[in-house]
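Some notes on the structure that comes next.
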Amino acid sequence: MMRNVLVSGAGVAGSALAYWLRRKGFSVTVVERAPAPRTGGQAVDIRGVALDVVGRMGLTDRVRAARTRMRGMSMMDGEGNEVFRSEEHTFSSGRLDGDDVELLREDLIAMLHETTGNQVEYVFGDSITALAQRARGVRVEFEGSGTRDFDLVIGADGAHSTVRRLAFGPEQRYSHHLGQYLGIFPMPNVLGLDNWQLWFRDEASGSGGAIYPVRDNAELRVTLGFGSEPLTYDYRNVQQQKRFLTERLAGLGWCVPTLLSAMDTATDFYFDAMAQIRMEHWAAGRVALVGDAGYCASPLSGQGTSLALAGAYVLADELGRSEDHAAAFEAYERRMRPFVTLNQALATENPAGPAAEESVDRAKNALSLDADVPTGV
């Protein structure tokens with residue numbers, strides 16, 4: 001009998017999971033708060049075993065065609081003086097001659113969404129408000145579309161997961177602040193950058209950012225950040241979040257005033273703390289978590305997208321192997337836990353030099369997509 005699964009979140013983890021669950025014969029519904037697949041955000045990386053997941057989805061050529069084309073990067077001080085440059089690597093994507101792929105998050109999500117075609121039910125502009133687990137399923141209440149029953153519910157709804165809050169408890173139990181906040185927005189390429197990244201940091205204030213061109217150099221994606229203890233703010237109050245960045249970076253020179261002015265009018269804007277989600281278990285009864293909802297490593301790891309893609313594959317693989325959801329969830333966690341631990345450490349241990357490259361290589365490949373093949377880690 002086909003099992004009916006609700007996935008909350010149509011981002012990387014949710015869209016990839018929907019694809020693999022459908023391939024395993026499940027009936028899949030995806031609910032997403034946004035009115036359509038989300039746009040904006042930063043460039044993301046697909047590395048190591050996640051490249052194998054993309055390959056098994058038949059997306060390798062499309063992903064590589066959409067990759068960024070950076071020629072290198074410059075590191076600047078707070079006044080715009082170049083401290084060093086590299087034509088071998090960038091901070092965002094690593095070595096430029098490597099196999100890893102960097103592309104815009106919105107492009108990847110569009111590809112993943114398209115892979116499911118009309119075989120997955122998408123409910124945009126809605127969200128879950130309550131979960132009631134029963135012996136044979138989960139009764140789900142939605143904000144805008146009433147009540148429905150599902151055999152399983154999977155939270156793929158990010159670091160501020162509603163599913164996690166409803167099934168596991170408050171976010172504060174699991175979120176670990178990493179001391180930084182970031183804001184991301186697009187703007188016209190007024191700097192005339194040609195496939196070249198600029199990074200800057202003001203040592204006195206601890207604030208800084210990154211600027212890089214996309215869309216054939218027609219547009220810039222800007223990341224601005226600052227160090228801080230946890231702040232209390234409304235996640236949906238964009239103007240308040242923009243004020244935080246303006247106040248922390250207002251004293252900087254160079255092109256920073258231009259960036260802040262563009263941010264002020266940007267309609268596509270993302271802001272959040274750099275934090276990790278750490279949990280002892282990713283499943284409770286008929287509810288489980290995947291990607292950032294269960295094990296956000298933070299953008300500081302460079303592995304969030306790869307964790308989402310790999311986690312979606314492994315979770316669907318285990319659910320397809322067993323009629324017992326509890327056994328499948330246990331196997332999913334057993335396979336993913338070492339991979340998650342190594343990748344979260346990339347954001348917290350901060351090795352330098354050759355040790356850093358070795359840590360990244362080890363972390364991004366520390367998982368086999370074939371359940372019976374050990375990774376040696």
Side-chain angles (χ1 to χ4, degrees), residues 7 11-21 23-24 44-60 63-64 93-95 98-103 108 112 115 154-156 158-159 276-283 288-322 327-349 351 355-377:
V7 177
V12 174
S15 298
L17 180 63
Y19 170 85
W20 289 115
L21 285 175
R23 285 282 300 269
K24 298 290 183 180
V44 297
D45 298 294
I46 305 176
R47 296 170 164 166
V49 68
L51 288 168
D52 295 335
V53 175
V54 167
R56 295 186 183 194
M57 299 179 82
L59 291 175
T60 297
V63 162
R64 293 195 178 279
S93 62
R95 292 194 60 85
D99 293 330
D100 300 345
V101 176
E102 180 185 65
L103 75 165
L108 176 60
L112 295 173
T115 63
I154 310 296
Q276 289 190 344
I277 299 298
R278 304 173 195 157
M279 305 180 69
E280 291 185 7
H281 298 288
W282 304 323
L289 305 172
V290 66
D292 282 355
Y295 35 84
C296 176
S298 89
L300 298 176
S301 73
Q303 281 290 91
T305 299
S306 293
L307 282 169
L309 289 168
Y313 180 92
V314 172
L315 177 54
D317 186 47
E318 292 300 340
L319 285 170
R321 288 169 175 268
S322 176
F329 289 158
E330 182 180 345
Y332 156 63
E333 181 166 336
R334 186 169 57 249
R335 287 172 64 183
M336 281 295 294
R337 180 70 68 175
F339 185 59
V340 168
T341 299
L342 285 171
N343 281 285
Q344 287 192 328
L346 294 177
T348 57
E349 295 183 1
E357 290 190 16
E358 181 180 342
S359 294
V360 171
D361 287 342
R362 184 166 180 255
K364 70 186 186 182
N365 292 299
L367 175 71
S368 171
L369 297 185
D370 300 311
D372 300 325
V373 179
T375 62
V377 176

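Here the closest heavy-atom approach between residue D292 and residue A297 is recorded as OD1-N, 4.4 Å. For the pair S93 and D45, the tightest heavy-atom approach, listed with the atom from each and the gap, is CA-OD1, 3.5 Å. Counting all heavy atoms, side chain and backbone alike, T60 lies closest to V54 at N-CG1, 3.8 Å. Looking at every heavy atom in both residues, Q344 comes nearest to I277 through NE2-O, 3.0 Å. In plain terms, the two heavy atoms of A310 and V53 that are nearest each other are CA-CG2, 4.2 Å. The minimum heavy-atom distance linking G48 with D100 is given by the pair N-OD1, 3.9 Å.
Using a 4.5 Å heavy-atom cutoff, the side chains of I154 and F329 are in contact. Residues L367 and V314 have side chains in contact (heavy-atom distance under 4.5 Å, counting atoms from C-beta outward). In this structure, K24 and L319 have side chains that are not in contact, with every pair of non-hydrogen atoms separated by 4.5 Å or more.
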Query raised in the report: Where do L112 and M57 land on the side chain to side chain contact (heavy atoms under 4.5 Å, CB included) test, with the steps shown first?
Result: CA-CA 9 Å; L112 295 173; M57 299 179 82; 3.6 Å; yes
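In this structure, D52 does not pair ionically with R56, as no charged nitrogen and carboxylate oxygen lie closer than 4.0 Å. Remark: D99 does not engage R47 in a salt bridge, criterion side-chain N to carboxylate O under 4.0 Å.
A donor-acceptor pair is defined here as one N or O able to donate and one able to accept, closer than 3.5 Å; such a pair exists between the side chain of N343 and the backbone of A363. A donor-acceptor distance shorter than 3.5 angstrom exists from the side chain of N365 to the backbone of D361, with no hydrogens or angles considered.
Rounded to the nearest 0.5 angstrom, L21 CG and D317 CG are separated by 10.5 Å. A distance of 12.5 Å separates OH of Y19 from CG of L309, quoted to the nearest 0.5 Å. Taking CD of Q303 as the start and CD1 of I46 as the end, the distance is 11.0 Å to the nearest 0.5 Å.
Both tests pass for R337 against the ring of W282: distance under 6.0 Å to the centre and angle within 45° of the axis.
Using a 30° and 60° split on the angle between ring planes, Y332 and Y295 fall in the tilted class, from 30° to 60°.
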